[in-house]
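Worksheet: the structure to be examined is printed underneath.
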Protein chains: 2
Amino acid sequence: MNDEKPPSTRERILAAAADMLAEDGLTARLSVRAVAARAGVSIGSLRHHFPTQQDLRDELTRRIFDWIAPTDPIDDRSLPARDRLAGCLGQVLAAVGAGPQAREALAVAVRTFVTAEQTEQVRASYRAVERDTQHRLEGWLRTLAEEGALSVDDVPRSARLLSTVVNGLAYQRAMPADDTLTERERETLYTAVDAVLRPHPPHRT
Amino acid sequence: MNDEKPPSTRERILAAAADMLAEDGLTARLSVRAVAARAGVSIGSLRHHFPTQQDLRDELTRRIFDWIAPTDPIDDRSLPARDRLAGCLGQVLAAVGAGPQAREALAVAVRTFVTAEQTEQVRASYRAVERDTQHRLEGWLRTLAEEGALSVDDVPRSARLLSTVVNGLAYQRAMPADDTLTERERETLYTAVDAVLRPHPPHRT
DNA sequence: ACCTGAACACCGTTCAAGT
DNA sequence: ACCTGAACACCGTTCAAGT
């Protein structure tokens, strides 16, 4: 059966932008004119579907994040430790969301813990959140420590670094960064993960 | 005695840019035309002294940081590389402050960039701040790379990790803190620094 | 060496006009 | 509703020309 539908203009625009991103990587310049030309669509038409250039980028990043990582891979021993740990951290970040959702998340956090009156109640709530995060991270790290990927003694300190990195990434996601910082985010995540795990677990290259 | 010297064009340009930054805060729009007009100088003249707009920004941030922290620990070669780098990051964090001051800093950042209407102006301002930070970090790392403390190829990636870590620490400083924050902060900072500098004993790959 | 401003090649957004 | 492209108001950089 033929369920091929002619791609809508909106989809063609998104596909064109995705192609450009895939080709040029981080340096891709997704200008109105370039994307419109690539999609074979007028500037006005692009603007009709995406009122601002940022709307285009937001939708694009939303799809990219949807496309990756639905499962928790810490127990998937078929993968290298670093990939499993990075996957877990990626899921934590997935909960933060991207674009407007990430901004909302940070705004809520700041409203709740920073600009709110600093009562003991507030402080306790934050400590609880912090502790949960720390426990979660330490759990993952202990799993990997049992496999020798790192020393158990390093678990708390490493968990703290990773939690700081995740906080930093969540912060950066909330900031009006450029289009898709996914690639750089991945890179930062892996740099942090490799800093925590034993140097060079796999011997192959 | 009169030691008043007529400010050079270069200084007038920097002063004009500094004024605009002081007036409008981080969202100040330091375009070639705006700065040149404010300084009473032509576009070409501005370009003669600052070949690119980023050169202007770099010099501006360099002076601002010189103003608040005149000594740069990176140049103190009597100390190990890791202590010098950690010292530089510590200075960045010192600007963030602690306690109420750190909360205020985060609140302002969120108000300015996150909950504010996401205009192109706002995005451009944040990108500029981000770029300035990145350049500053890369400058430090390049200094250490020349001494062999890390590879020049790793500089951009390492700078991004450190910038994420600093953002994460600034975030955590703003949150209702534990007592022993500073100690753990130091530890996290050093873990990150050691991750960036030549990892572990001289086991060459 | 320093300075000028026009010119160039971009950018994102708006909008009257078509279908 | 969807699409078009010209027009507008910016941007950073280049450059022939002046002093």
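Basis for what follows: all heavy atoms, side chains included, without hydrogens, waters or symmetry-related copies.
Looking at which nucleotide of DNA chain D each of R33(A) and G44(A) is closest to, the 5′-most match is held by G44(A). Heavy-atom distances to DNA chain C give each of S31(A) and G40(B) a nearest nucleotide, and the one nearer the 5′ end belongs to G40(B).
Both tests hold for R136(B) against F65(B): distance to the six-membered ring centre under 6.0 Å, angle to the ring axis within 45°.
When the side chain to side chain donor-acceptor pair (under 3.5 Å) test is applied to Q121(B), the partners found at least two apart in sequence or on another chain are R29(B).
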Please table the atom pairs, donor to acceptor, closer than 3.5 Å between any side-chain atom in residues 142-149 of chain B and protein atoms at least two apart or in another chain.
{"from": "T143(B)", "atom 1": "OG1", "to": "G139(B)", "atom 2": "O", "distance (Å)": "3.1"}
{"from": "E147(B)", "atom 1": "OE1", "to": "R84(B)", "atom 2": "NH1", "distance (Å)": "3.0"}
{"from": "E147(B)", "atom 1": "OE2", "to": "R84(B)", "atom 2": "NH2", "distance (Å)": "2.9"}

Could you list the donor-acceptor pairs under 3.5 angstrom formed between side-chain atoms of residues 100-117 of chain B and any protein atom two or more places apart in sequence or on another chain?
{"from": "T112(B)", "atom 1": "OG1", "to": "V108(B)", "atom 2": "O", "distance (Å)": "2.6"}
{"from": "T115(B)", "atom 1": "OG1", "to": "V110(B)", "atom 2": "O", "distance (Å)": "3.4"}

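A nucleotide of DNA chain D counts as in contact with chain B when one of its atoms lies under 4.0 Å from a heavy atom; the first and last such, 5' to 3', are dC11(D) to dT14(D).
Defined by atom type and a distance below 3.5 Å, a donor-acceptor pair is present between the side-chain atoms of D55(B) and T52(B). Q91(B) and D72(B) are not linked by any side-chain donor-acceptor pair at a separation below 3.5 angstrom, with hydrogens and angles left out of the test. Side chain to side chain, E130(B) and Q134(B) fail the donor-acceptor criterion of an N or O pair below 3.5 Å. With 3.5 Å as the limit, one finds a donor-acceptor pair spanning the side chains of R47(B) and Q53(B). In this structure, a donor-acceptor pair under 3.5 Å is absent between the side chains of R123(B) and Q118(B).
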- Query: Dot-bracket, DNA chain D: Watson-Crick or G-U, under 3.5 angstrom, [ ] crossing, | other strand?
  - Reply: ||.|||||...|||||.||
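Of the residues in residues 45-54 of chain B, those with a non-hydrogen atom less than 4.0 angstrom from any atom of DNA chain D are R47(B), T52(B), Q53(B).
Note on E23(A) versus R38(A): salt bridge recorded, some NZ/NE/NH1/NH2 to OD/OE distance being below 4.0 Å.
Here R29(B) lies in heavy-atom contact (under 4.0 Å) with sugar-phosphate atoms only.
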